[in-house]
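Hydrogens, waters and symmetry mates are skipped; everything else that's a heavy atom, side chains included, is used. Letters go in sequence order (proteins before strands), and every chain restarts at 1.
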Number of protein chains: 2
Amino acid sequence: MTDSGTFKSDDFLDHISLDCVIFGFHNGELKVLTLRLKYTKEFALPGGFLGKEETLEDAAKRVLQERTGLKDIFMKQFKVFSDPDRSKTNVAIQDLINTGAHPDLHFFEKRFISVGFYALVDFTKVKPSPDFFSDKCEWKNVNEQAPYILDHKKIIEKALEVLRRQLSYQPIGYNLLPEKFTMPELQKLYETILGRELDRRNFQRKMLSYKILNKLDERKKGGAYKSPFLYEFNLENYQKALNEGLSGSF
Amino acid sequence: MTDSGTFKSDDFLDHISLDCVIFGFHNGELKVLTLRLKYTKEFALPGGFLGKEETLEDAAKRVLQERTGLKDIFMKQFKVFSDPDRSKTNVAIQDLINTGAHPDLHFFEKRFISVGFYALVDFTKVKPSPDFFSDKCEWKNVNEQAPYILDHKKIIEKALEVLRRQLSYQPIGYNLLPEKFTMPELQKLYETILGRELDRRNFQRKMLSYKILNKLDERKKGGAYKSPFLYEFNLENYQKALNEGLSGSF
DNA sequence: GAACTATGTGTCAAACAGACACAATAATAA
DNA sequence: TTATTATTGTGTCTGTTTGACACATAGTTC
């Protein structure tokens with residue numbers, strides 16, 4: 001999906017689209033930003049098309065900024081979806097075309113291969129806004145069974161699979177947590193992505209051993225019981241860990 | 001590049017291509033299969049276009065089989081290259097078009113985004129064969145500085161980077177070595193991909209701990225000095241390791 | 001103020017990684 | 001035929017990391 005009434009199919013390359021799985025973390029749950037399509041009320045991933053002079057990364061940035069209001073989002077290509085039948089069951093979009101809501105909608109009838117991006121964002125900073133084809137932009141639990149169009153459910157699952165794998169050799173959190181956070185919050189994030197529980201004490205030891213955290217002299221007040229210390233990421237080391245990887249067998 | 005004189009641009013989707021980085025291992029060196037273009041004598045990766053009813057994976061399989069003679073090759077998408085300028089410096093292909101060697105060559109003047117695949121093959125089983133646009137198909141050392149067209153040198157480097165990363169959480173070798181191989185050969189493969197030396201004894205201990213090897217009651221004769229034992233991969237465990245990963249931090 | 005619950009810190013044994021020693025083998029040189 | 005030599009097979013030692021678990025501490029709840 002792309003922005004507003006200014007959509008002109010002439011601006012874009014045929015057959016190529018992109019879809020963004022935008023992950024956020026809130027209340028101990030992993031969320032995905034979704035759009036609800038006008039008329040059919042089915043759900044879709046934020047997506048768009050490739051401008052004639054754009055890189056895919058630029059196009060994804062454009063989409064991400066339009067839907068979240070944020071610039072400089074952490075994102076990564078993770079897979080191209082090219083099944084020729086992936087857009088055939090496209091009842092939702094066909095219905096939309098039939099409404100005649102836009103003169104250029106026949107563009108959507110073509111076959112598209114879609115490049116999947118996943119993005120990690122700070123939930124609290126996102127201002128979700130729908131695009132021309134949708135009436136609502138909202139967070140959904142990553143596991144929630146909702147009527148997604150096309151192969152978008154599959155795209156979400158693949159993104160999560162890749163994210164999980166990356167967790168074992170790359171740090172994660174800078175893009176998903178507020179600036180200051182507690183160790184239990186960071187642990188909950190890891191547990192949520194991995195889908196299993198971790199030992200509190202061993203988790204802390206390991207995270208600290210990566211040297212990517214700065215412990216602050218502040219505690220998080222207001223919660224129940226003993227107030228935990230706040231941490232922030234050490235950006236220099238975090239960046240280094242992103243480039244070089246965390247451990248690995250060889 | 002695609003096969004023979006039967007090329008018809010109508011069979012393919014506009015703007016989408018794929019390039020294959022085909023890795024082989026021979027004489028302790030990591031090789032890449034290349035094509036030498038007719039007329040300009042520059043080098044290119046084996047590649048092709050996406051048929052109107054094909055998945056990208058099918059298209060890659062087609063290309064791989066045409067260039068190597070092999071079916072069932074291990075391969076993986078690793079990145080999409082979408083810089084709008086990536087085909088602008090396309091002197092080689094422009095020259096080819098100017099020869100009028102094929103009526104349909106103006107197809108190549110369009111902008112293409114290319115999906116990169118890497119493939120791992122048994123060097124000894126490959127029968128390299130050029131395509132319609134090239135006069136030679138040959139192995140090159142992965143580090144060799146040769147005049148590659150477009151961004152193909154960059155594509156190779158990226159493929160190697162991804163391969164290296166995968167080495168730390170996935171087994172490699174089944175697709176690159178003959179059925180029976182020695183421990184020193186396997187080690188040399190790892191060292192070549194990683195670009196650094198490993199301790200012989202620690203390497204063996206680690207590989208055996210993965211349980212993906214069957215030690216045979218045979219030794220490799222003919223070499224100099226003490227003859228090493230032969231091993232084969234335990235396919236069941238190898239497959240399991242591919243799916244589940246080898247170690248990892250979490 | 002007592003009870004409670006989550007956090008901060010520490011211990012222990014088992015598994016693992018990195019560095020290195022020595023014996024065995026088969027081709028080569030004498 | 002025998003000694004030499006390069007390579008392979010196997011093992012040890014030490015320091016580090018991991019996984020399982022115990023106890024003290026701080027702030028809320030009753």
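If you find the closest nucleotide of DNA chain D to Arg205(A) and to Lys215(B), the one lying nearer the 5' end belongs to Lys215(B). Each of Pro184(A) and Asn202(B) was assigned the nucleotide of DNA chain C with the nearest heavy atom; the assignment lying further toward the 5' end belongs to Pro184(A).
In the set dA20(D), dA26(D), dG11(D), dA26(D) carries the atom at the smallest distance from any side-chain atom of Lys226(A). For Arg201(B), the listed nucleotide lying nearest its side chain is dA21(C); candidates were dA6(C), dG9(D), dA21(C). Nearest nucleotide to the Gln204(A) side chain, out of dT9(C), dA6(D), dA21(C): dT9(C).
Remark: P of dG11(D) and CZ of Arg200(B) are 13 Å apart, rounded to the nearest angstrom. Atom CG in Leu208(B) sits about 14 Å away from atom C1' in dG11(D), given to the nearest Å. The distance from atom CZ of Phe181(B) to atom P of dT8(D) is 15 Å, rounded to the nearest whole Å. Look at CG on Asp199(A): it is 15 Å from C1' on dA13(C), rounded to the nearest Å. Rounding to whole angstrom units, CZ of residue Arg219(A) and C1' of dG27(D) are separated by 9 Å. In this structure, Met207(A) places its CE atom 16 Å from C1' of dT17(D), rounding to the nearest Å. Residue Asp217(B) contributes atom CG, which lies 13 Å from atom P of dG9(D) at whole-angstrom precision. Atom CG in Leu198(A) sits roughly 16 Å away from atom C1' in dC21(D) (whole-Å rounding).
For Lys206(B), a side-chain nitrogen or oxygen approaches OP1 or OP2 of dA17(C) to under 4.0 Å. OP1 and OP2 of dT25(C) both lie 4.0 Å or more from every side-chain N or O belonging to Ser227(B).
Ring geometry, Phe233(A) versus Tyr174(A): the interplanar angle exceeds 60°, so the pair is classed perpendicular (tilted spans 30 to 60°). Below 30°, between 30° and 60°, or above 60°: for Tyr169(B) and Tyr169(A) the angle between ring planes is below 30°, a parallel geometry.
Using a 4.0 Å heavy-atom criterion, one finds that Lys220(B) contacts no nucleic acid atom at all.
Put simply, NE2 on His152(B) and OG on Ser114(B) are 6.0 Å apart, with the number rounded to the nearest 0.5 Å.
Cation-pi check for Lys206(A) over Phe250(B) is met; the charged atom lies under 6.0 angstrom from the ring centroid and within 45 degrees of its normal.
Screening Arg67(A), Arg86(A), Lys153(A) for a salt bridge (charged side-chain N to carboxylate O under 4.0 Å, His left out) with Asp19(A), the sole residue that qualifies is Arg86(A).
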